[in-house]
Amino acid sequence: MPAVLITSPPMAKAPVLTPQSEDFPRWYQEVITKAELADNGPVRGTMVIRPYAYAIWERMQAEVDARIKAAGADNAYFPLFIPESYLKREADHVEGFSPELAVVTVAGGKELEEPIVIRPTSETVIGEFMAKWVQSYRDLPLLLNQWANVVRWEMRTRVFLRTSEFLWQEGHTAHASQLDAHEYAMRILRDVYADFMERELAMPVLRGIKTRRERFAGAINTLACEAMMRDGKALQMGTSHELGQNFARAFDISYLDDQGAQQTCWTTSWGVSTRMMGGMIMCHGDDAGLRVPPRIAGTQVVVLVVRDDENGSVSAVAGRLAAELRDAGVRVRVDADTSTAFGRRATDWELKGVAVRIELGPRDVEGGEATVVRRDQRAKLTLALGEVVARTPGLLEEIQRALFDEAETRLVDSTSAVTSVAEAKEAAAVGFATMPFDAVGEAGEDELAEVALTVRCLQTADGGIPEDPDGEGLVAVIGRAY
RNA sequence: CGGGACGUGGCGCAGCCUGGUAGCGCACCGGCUUUGGGAGCCGGGGGCCGAGAGUUCAAAUCUCUCCGUCCCGACCA
């Protein structure tokens with residue numbers, strides 16, 4: 001069946017959104033407002049996540065959570081309030097976080113004896129309890145995760161990408177050996193994060209490690225997933241840290257080994273946040289709005305009643321179709337608000353990025369047909385009504401794959417291999433540049449920083465995750481970043 | 001925190017220079033006509049002009065301070 005592309009009317013109206021090519025940050029801001037994703041909160045840098053976006057976040061949580069559990073970690077919950085003294089126990093950690101801490105000094109109408117920090121991350125509290133819970137090598141590995149909000153007083157905020165308060169998942173683990181900790185941190189990055197991002201978010205990500213200067217405060221190695229947005233900038237989507245024995249020593253997380261000797265643990269921590277929402281928006285969205293990958297969409301299909309007859313028979317057919325789709329496992333909703341013009345509703349659903357729109361009008365019903373529109377390509381095709389339910393799941397998978405392929409093509413096409421920092425500066429103006437890390441060096445990183453470029457991650461020559469952060473022959477991926 | 005731009009109904013803006021206490025488009029409400037890509041007509045509702053101080057008979061408009069937003073940096077998931 002031939003698909004027909006939606007054509008613009010002869011006298012095109014004003015665009016729904018500022019085109020991405022004209023002003024990408026403005027497009028981002030507009031799509032967030034118009035697709036009803038989020039509002040700014042009353043306190044600087046905070047956000048209100050609206051139901052349409054929260055449904056997507058819940059899907060993200062479900063998928064990430066399932067993978068975390070598959071990796072053996074269990075969920076728990078630790079308090080929002082942390083004694084200030086805890087933060088101070090790990091030198092690099094305090095230094096890294098103190099500028100962005102929110103601290104409670106008055107509570108219950110009294111000045112507190114010891115200020116309470118609102119968690120910027122929970123390494124410290126969790127470390128304290130791990131120390132209590134780990135006594136023997138038989139208690140290891142201890143694999144914990146929590147879903148929580150955290151607060152970091154950022155200088156510059158952007159909805160979803162960097163807010164003062166955000167939602168995330170933070171995993172914290174303790175291991176008997178460095179190797180075990182290392183392997184677990186790697187496993188999380190690969191089997192939980194990268195797998196989730198590519199399969200569910202349809203976002204190709206680079207897996208690599210951070211340079212010394214980009215490393216997490218207190219970590220000995222930071223693994224990361226980096227994605228490319230539609231404007232060519234990088235977004236760090238998830239991180240997994242090897243904390244060495246820094247926190248274990250600071251919090252005395254130790255155990256007796258099978259020889260009866262006291263040993264210090266090796267810990268890791270890892271997280272993904274509501275930032276992924278921003279990544280999804282900027283990776284897939286186009287000038288007509290969002291394009292939400294079906295697998296994480298709260299709504300995958302909308303059945304749109306174009307207009308009804310006096311008996312309400314079109315709505316009736318739409319309702320039955322939706323029920324059948326629901327039974328087939330499709331997340332579907334019906335838009336039978338025929339008091340709003342058809343074109344308006346079509347445009348609104350495109351803004352919200354619902355993958356498939358099934359348009360039903362009296363003509364369709366009479367002819368036993370439905371008009372099916374793919375959001376990714378904005379192409380229409382006509383299907384027999386009886387075929388729709390059977391065809392939809394496959395169509396959703398096709399769209400999921402098409403979004404990934406499109407993003408991957410862009411990533412590959414916008415990445416160029418160079419040999420010098422000067423060339424990298426030119427190439428990274430429009431995408432990523434790759435070059436030998438040995439040829440960058442400390443001086444090179446400084447030079448790149450002057451033009452707002454950073455080494456996003458280091459990879460092996462074949463694009464893998466380096467086993468050794470100080471190893472030789474590493475490739476630096478350079479780009480502008482959010 | 002530095003440099004730039006900007007805060008006027010829900011959203012986008014005009015008015016400010018040349019003070020005289022608000023206007024437009026979209027959205028919203030009601031009615032009628034419509035409905036296969038952002039509806040039309042008629043009639044409505046909603047804003048102490050970001051906040052505070054000052055100048056003035058009079059401030060959205062002039063002055064200062066603060067707060068917030070966006071862009072570019074420094075810092076970060």
Side-chain angles (χ1 to χ4, degrees), chain A residues 4-9 11-18 23-26 28-30 32-34 36 39-46 95-100 120-121 150-170 193 210 213-217 222 224-226 235-241 269-279 288-289 304-309 314 337-351 357 359-365 367 369-371 373 378 380 382 449-454 480-482:
Chain A
V4 181
L5 282 177
I6 296 165
T7 51
S8 305
M11 294 292 282
K13 305 202 173 180
V16 176
L17 297 166
T18 298
D23 188 341
F24 197 81
R26 186 162 180 179
Y28 180 73
Q29 211 188 316
E30 287 178 357
I32 284 172
T33 301
K34 296 192 175 174
E36 300 179 336
D39 270 340
N40 284 319
V43 171
R44 194 191 79 90
T46 60
E95 197 188 325
F97 279 110
S98 49
E100 41 187 314
T121 175
V150 284
V151 169
R152 298 181 185 177
W153 219 253
E154 299 289 350
M155 297 176 189
R156 185 173 158 197
T157 58
R158 239 194 264 265
V159 181
F160 291 125
L161 300 176
R162 176 166 297 105
T163 46
S164 293
E165 178 192 6
F166 57 91
L167 305 182
W168 78 346
Q169 144 283 312
E170 49 177 323
Y193 295 163
K210 287 293 181 182
R213 69 176 65 187
E214 298 277 321
R215 220 173 260 167
F216 176 72
T222 289
C225 292
E226 294 281 333
L235 182 72
Q236 180 175 306
M237 296 277 291
T239 50
S240 182
H241 313 288
S269 72
W270 26 276
V272 291
S273 69
T274 37
R275 166 180 274 194
M276 292 192 295
M277 189 74 65
L304 186 61
V305 175
V306 176
R307 65 193 166 81
D308 215 339
D309 56 24
V314 179
D337 175 24
T338 51
S339 64
T340 300
F342 163 77
R344 155 70 51 188
R345 292 180 290 142
T347 306
D348 284 347
W349 288 114
E350 284 179 357
L351 253 172
R357 194 166 68 246
E359 299 175 353
L360 276 182
R363 287 210 299 267
D364 297 297
V365 171
E369 295 175 338
T371 303
V373 191
R378 299 183 80 209
K380 292 191 178 188
T382 305
E450 285 169 17
V451 290
L453 291 175
T454 46
R480 295 168 296 146
Y482 277 97

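When reading the values below, keep in mind they use all heavy atoms of this one structure, side chains included, and skip hydrogens, waters and symmetry mates. Just so we're on the same page: letters track the sequence lines, and every chain starts at 1. In this text the structure is predicted, and so the values were computed from the model without any measurement.
With hydrogens and angles left out, the side chain of A:Asn40 and the base of B:rG68 share no donor-acceptor pair within 3.5 Å. With hydrogens and angles left out, the side chain of A:Arg357 and the base of B:rG37 share a donor-acceptor pair within 3.5 Å.
A 3.5 Å limit on both hydrogen-bonding distances identifies B:rC64 as the Watson-Crick or G-U partner of B:rG52. The base-pairing partner of B:rU35, taking Watson-Crick or G-U wobble contacts with both distances under 3.5 Å, does not exist among the strands shown. B:rU69: Watson-Crick or G-U partner is B:rA5, with both key distances under 3.5 Å. Both distances falling under 3.5 Å, in either a Watson-Crick or a G-U wobble arrangement, occur for no nucleotide opposite B:rG47. Under the Watson-Crick or G-U wobble criterion, with both distances below 3.5 Å, B:rA27 has no partner in any strand shown. Here B:rU18 sits opposite no nucleotide as a Watson-Crick or G-U wobble pair (both hydrogen-bonding atom distances under 3.5 Å).
The nearest heavy atom of RNA chain B to A:Arg275 and to A:Thr347 marks one nucleotide each, and the one closer to the 5' end goes with A:Thr347.
Contacts of A:Asp39 classified as side chain to side chain donor-acceptor pair (under 3.5 Å), with partners at least two apart in sequence or in another chain: none. For A:Trp168, the ring-ring contact (aromatic ring centres under 6.0 Å, His included) test picks out A:Phe166, with sequence neighbours left out.
Per the geometry, CG belonging to A:Leu360 stands 16 Å off C1' belonging to B:rG37, to the nearest Å. As rounded to whole Å, 14 Å separates atom C1' of B:rA39 from atom CZ of A:Arg307. We find that OH of A:Tyr482 is positioned 18 Å from P of B:rA77, with the value rounded to whole Å. Rounded to whole angstrom, the span from the CG atom of A:Leu304 across to the C1' atom of B:rU35 amounts to 11 Å. Spacing between atom CZ of A:Arg158 and atom C1' of B:rA77 amounts to 14 Å, rounded to whole angstrom units. Per the geometry, OH belonging to A:Tyr28 stands 10 Å off P belonging to B:rC71, to the nearest Å. If you take CD of A:Glu154 and P of B:rG73, they are 16 Å apart, rounded to a whole angstrom. One can place CG of A:Asp309 at 13 Å from C1' of B:rU35, the figure rounded to the nearest angstrom.
Among the atoms of the strands shown, base atoms are found under 4.0 Å from some heavy atom of A:Thr371. No contact: A:Gly271 has no heavy atom under 4.0 Å from any strand. Using a 4.0 Å heavy-atom cutoff across all strands shown, A:Ala449 reaches sugar-phosphate atoms only and no base atom. In this structure, A:Gly45 reaches the sugar-phosphate backbone alone: every heavy-atom distance under 4.0 Å involves primed, P, OP1 or OP2 atoms, never a base. Residue-level contact check: A:Pro25 touches the backbone only, with heavy atoms under 4.0 Å from sugar-phosphate atoms and none from bases. Among the protein residues, A:Asp23 comes within range of no part of the nucleic acid, since none of its heavy atoms lies under 4.0 Å from any strand. Counting any heavy atom pair closer than 4.0 Å across all strands shown, A:Leu161 reaches a base atom. Across all strands, A:Thr454 comes closer than 4.0 Å to no nucleic acid atom at all (heavy-atom distances). Note on A:Arg44: only backbone sugar-phosphate atoms sit closer than 4.0 angstrom, heavy atoms only; bases stay farther off. Using a 4.0 Å heavy-atom distance criterion, A:Glu30 is classed as making no nucleic acid contact.
The closest side-chain heavy-atom distance from A:Arg480 to A:Leu453 is below 4.5 Å. In this structure, A:Met276 and A:Phe160 have side chains that are not in contact, with every pair of non-hydrogen atoms separated by 4.5 Å or more. Put simply, the side chain of A:Pro362 reaches to within 4.5 Å of the side chain of A:Arg307, judged on heavy atoms. Inter-residue side-chain proximity for A:Lys34 and A:Leu17 is flagged as met; some heavy-atom pair is nearer than 4.5 Å.
With respect to the salt-bridge test (charged N to carboxylate O, under 4.0 angstrom), the residues A:Lys210 and A:Glu226 qualify. Under a 4.0 Å N-O distance rule, the pair A:Glu369/A:Arg363 does not qualify as a salt bridge. A salt bridge links A:Arg357 to A:Glu350: at least one charged side-chain nitrogen sits closer than 4.0 Å to a carboxylate oxygen.
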N/O to N/O distances under 3.5 Å, protein versus nucleotides 1-5 of chain B:
none

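When atom types are taken as modelled, the side chain of A:Thr163 and the backbone of A:Val159 share no donor-acceptor pair closer than 3.5 angstrom.
Taking the C1' atoms as reference points, B:rU35 lies 16 Å from B:rC41, given to the whole Å. Taking atom P in both B:rU65 and B:rU21, one finds a spacing of 29 Å when rounded to whole Å. Across B:rA58 and B:rC48, the matching P atoms stand 22 Å from one another, rounded to whole Å. Nucleotides B:rC62 and B:rG15 are separated by 12 Å at their P atoms, to the nearest Å.
Of the side-chain N and O atoms in A:Arg344, none sit less than 4.0 angstrom from OP1 or OP2 of B:rU35.
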